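Here is how names work: the chains are called A, B, and so on, in the same order as the sequence lines, proteins then strands, and each is numbered from 1. Keep in mind that what you see is a predicted model, and the values were worked out from it rather than measured.
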Protein chains: 4
Amino acid sequence: MVAVMCSHTRPKSARTGRTGRPRSVEADAAILEATRAALVELGWSKLTMGDVATRAGVAKTTLYRRWTNKNELVVDAVAVLFDELELPDRGSLVADVEGVVLQFAALLARPEARTALMAVVAESTCDDALRVRIRSAIVDRQKRLVVQGRERAQARGELPYEEDPGAAARNTDLIFDVVAGAVVHRALVSAEPVDDEWARRFTLLLVSGIGSLQN
Amino acid sequence: MVAVMCSHTRPKSARTGRTGRPRSVEADAAILEATRAALVELGWSKLTMGDVATRAGVAKTTLYRRWTNKNELVVDAVAVLFDELELPDRGSLVADVEGVVLQFAALLARPEARTALMAVVAESTCDDALRVRIRSAIVDRQKRLVVQGRERAQARGELPYEEDPGAAARNTDLIFDVVAGAVVHRALVSAEPVDDEWARRFTLLLVSGIGSLQN
Amino acid sequence: MVAVMCSHTRPKSARTGRTGRPRSVEADAAILEATRAALVELGWSKLTMGDVATRAGVAKTTLYRRWTNKNELVVDAVAVLFDELELPDRGSLVADVEGVVLQFAALLARPEARTALMAVVAESTCDDALRVRIRSAIVDRQKRLVVQGRERAQARGELPYEEDPGAAARNTDLIFDVVAGAVVHRALVSAEPVDDEWARRFTLLLVSGIGSLQN
Amino acid sequence: MVAVMCSHTRPKSARTGRTGRPRSVEADAAILEATRAALVELGWSKLTMGDVATRAGVAKTTLYRRWTNKNELVVDAVAVLFDELELPDRGSLVADVEGVVLQFAALLARPEARTALMAVVAESTCDDALRVRIRSAIVDRQKRLVVQGRERAQARGELPYEEDPGAAARNTDLIFDVVAGAVVHRALVSAEPVDDEWARRFTLLLVSGIGSLQN
DNA sequence: AATTAAGCGAGACGGTACGTCTGGTCTTTAA
DNA sequence: TTAAAGACCAGACGTACCGTCTCGCTTAATT
């Protein structure tokens, strides 16, 4: 999962020519790491490009040579965090859903993840390019979890096989929005803990509801 | 609904003493209106205090005398928008839910609402005072919709009466997070339309799931 | 000398009408005193009207009702200091000059006097109204010292009587500029002490030079 | 005379390291020129750093990188004006003194010179660092005129050679304070013209007085 | 005693300038 | 050609004062 191709995250890093001093690979890593560290300490609005450069031991120019602005940098710095999410087979649909809900909650408990996610989403409300980047770097990549969960449940006989691929896609989207939305809202907006008890009750609601979609 | 007491939104405007020139009430209104207008045009990150002041025909000092920073100002400017949401009786739980989902989606289609909501949530991930302010000014106030919806459904016989008030509260919170979270995620993160069809399928999932919570 | 009429120092305080509450005399005194105190502590450029008002225990309005700006206020606050200068008869022209030089130096050693004098002079370089006010409130009033000194010297036979009143006036002005200029320059620009030794040598130069003017 | 080393006027411009973009030399010149222009138009108290920056076609940051405040900037902008003073040999001590008095008066007739000189002196009455800067940048540099004048007079036989170097220095200081002080006081405080007639009479007084110092 | 006209304190008002900070660019020397 | 360093322009930040303007309250002199 972590091995998913990441070339989209450094679009300007691709070598265009072959002459001259090559770009430092350490710089890339140091910048992304520094970005995450700065996010934890300062939050989005107080994070500055100059500060990130200083933390990374890098000149501001080096930073701007790779990312055109703060948003793009933060998306890339954070996208990789979401690739950590996995769906280990726990033997039943309910157990799988509970597992991924708690994993997601754990991720959102990390300051750099919560801050960065909401910050880039906020900026994307008035920046179409950013919205596209978020979709491709974060949202679409994680729908794999829903698809995988359904496939396992179908293999176990907990869910019927979909005949209509369009309906399947729509259900994938719906379930993804419900799960991700509810967890994010609980954790960040309502600011209440996503604990075992909440995960259990949410999963009960969700799995019961999913059953009714098949008809 | 709109008549809910709003004193919390101008906490520093209340007369503290009785001497000196009183604060201008027009200034308050003009500033909040200007803030919403600026949000629509510029978005969160390009909104500046100076610009808001200019639009409102007010000195920057007047603005800072009332709100200490951009976050607080925007929360107050936007909170009132959410008071517009209503729950007209459409005859059934399903119809009521669909109605409120579409209303909420319509609200999030307005640039100032979507931008401001996400921006303040993003900032609140590293600002406790702001998180508290958002909860009291926006989140807690809108849970009334869930409570009202359940009461109607119970009156119609669609849902049983809760005996345990603690369980009722937990369910209120859960349902609120699922509805608000799913709609926000669909509209702002996935960036897909919340149309009649989606609302119908989401409501189906939700109402079916709610039924299973009662046991 | 101190008893010279001072009405020019409070031009706006004169009663214009006869009805209504009369202006507070204590306020006037408190403001001028506070101005001098503020000058000592803060210097000219950091002295603010608001601060003077606070020190005087008076509202800003009360201050502006009497003086239209900082310059006028400071001139009035300081002019009175220069009225302290006297010319006690020490028995000879040389002794009289040395005495007044040291008196003037002592006055310029007081922070409020030196700061205020130079500040208002500086402002007057681009403010004609202020220049006029300084001339009438300070400069012209102190020329009495030169006139008095010459009269005494003439009475003693140290200087001949002038026949041409125009020449006498020109000499008064010249001597005044030389004495005041040299002391101020030594004390404030060169920033060297005006001590007995300097006063003695300066007086020697001056009195010798005065002798040659008579021809 | 104009070629006197001026490094003291741009103390922060010296290269400290060797990497990084060097400071713009044009910016320095443009700023000082803009400062003088602004002084002429606006006077001291209405001169603003932002306005100087605009006139110089320079960002405010660039200005603050070189001078920490208005006083330092103005001292440097003005010091160079005083280097224009010269002492051309007119054949006699009296003619030399009259010449330099009229030159100095002409300088003080220029608004930027008179305003700036008095303003920085005024500020220096409560700012020791500024006083030191004025002494080194303006006062001490112009004493060369007195020294040069005496040397010429001695060469012509108009004045005896001093044996005691300490006495010579004290006389230099005294004469400098008398000349500069009298001219400044006449021009700026008394606000009367320093014309040929006044210069002639002042010089008569001064040169006669100087003779008596030798004994 | 009641009226009245001004003065009084407090403090908000629209402004201007401050000195600082950040963003994003450009220019230097060194590798 | 890239790197690090750091100066560059532009412009927002939040603060401090400016001089003006309500307020509600004295405080005399005039009715």
* Asked: Do D:Met118 and D:Trp44 have side-chain heavy atoms sitting under 4.5 Å apart?
  -> no
* Side-chain donor/acceptor of A:Lys60 to base of F:dG6, under 3.5 Å -> no
* Checking all strands, does C:Ser24 fall into the base, sugar-phosphate, or nothing category for heavy-atom contacts under 4.0 angstrom? -> sugar-phosphate
* Asked: Hey, does the side chain of D:Arg23 come within less than 4.0 Å of E:dC26's phosphate (OP1/OP2), counting only N and O?
  -> no
* Asked: Counting only side-chain N and O atoms of C:Arg65, is one of them less than 4.0 Å from OP1 or OP2 of E:dC8?
  -> yes
* Any donor-acceptor pair under 3.5 Å between the side chain of C:Thr48 and the base of F:dA16? -> no
* salt bridge (charged side-chain N to carboxylate O under 4.0 Å, His left out) partner of B:Arg133, chosen from B:Asp128, B:Asp76, B:Asp127 -> B:Asp76
* Asked: With nearest nucleotides of DNA chain E determined for B:Ala56 and D:Asp51 from heavy-atom distances, which residue corresponds to the more 5′ nucleotide?
  -> B:Ala56
* Kindly say whether, by distance alone, the side chain of A:Thr61 makes a donor-acceptor pair under 3.5 Å with the base of F:dA3? => no
* To do: Classify the side chain of C:Arg21 and the base of E:dC8 as holding, or not holding, a donor-acceptor pair under 3.5 Å.
  => no
* Return the 5'-most residue of the pair D:Lys70, A:Asn69 with respect to DNA chain E, ranking by each residue's nearest nucleotide. => D:Lys70
* Asked: Between C:Thr62 and E:dG7, is there a side-chain N or O to OP1/OP2 distance below 4.0 Å?
  -> no
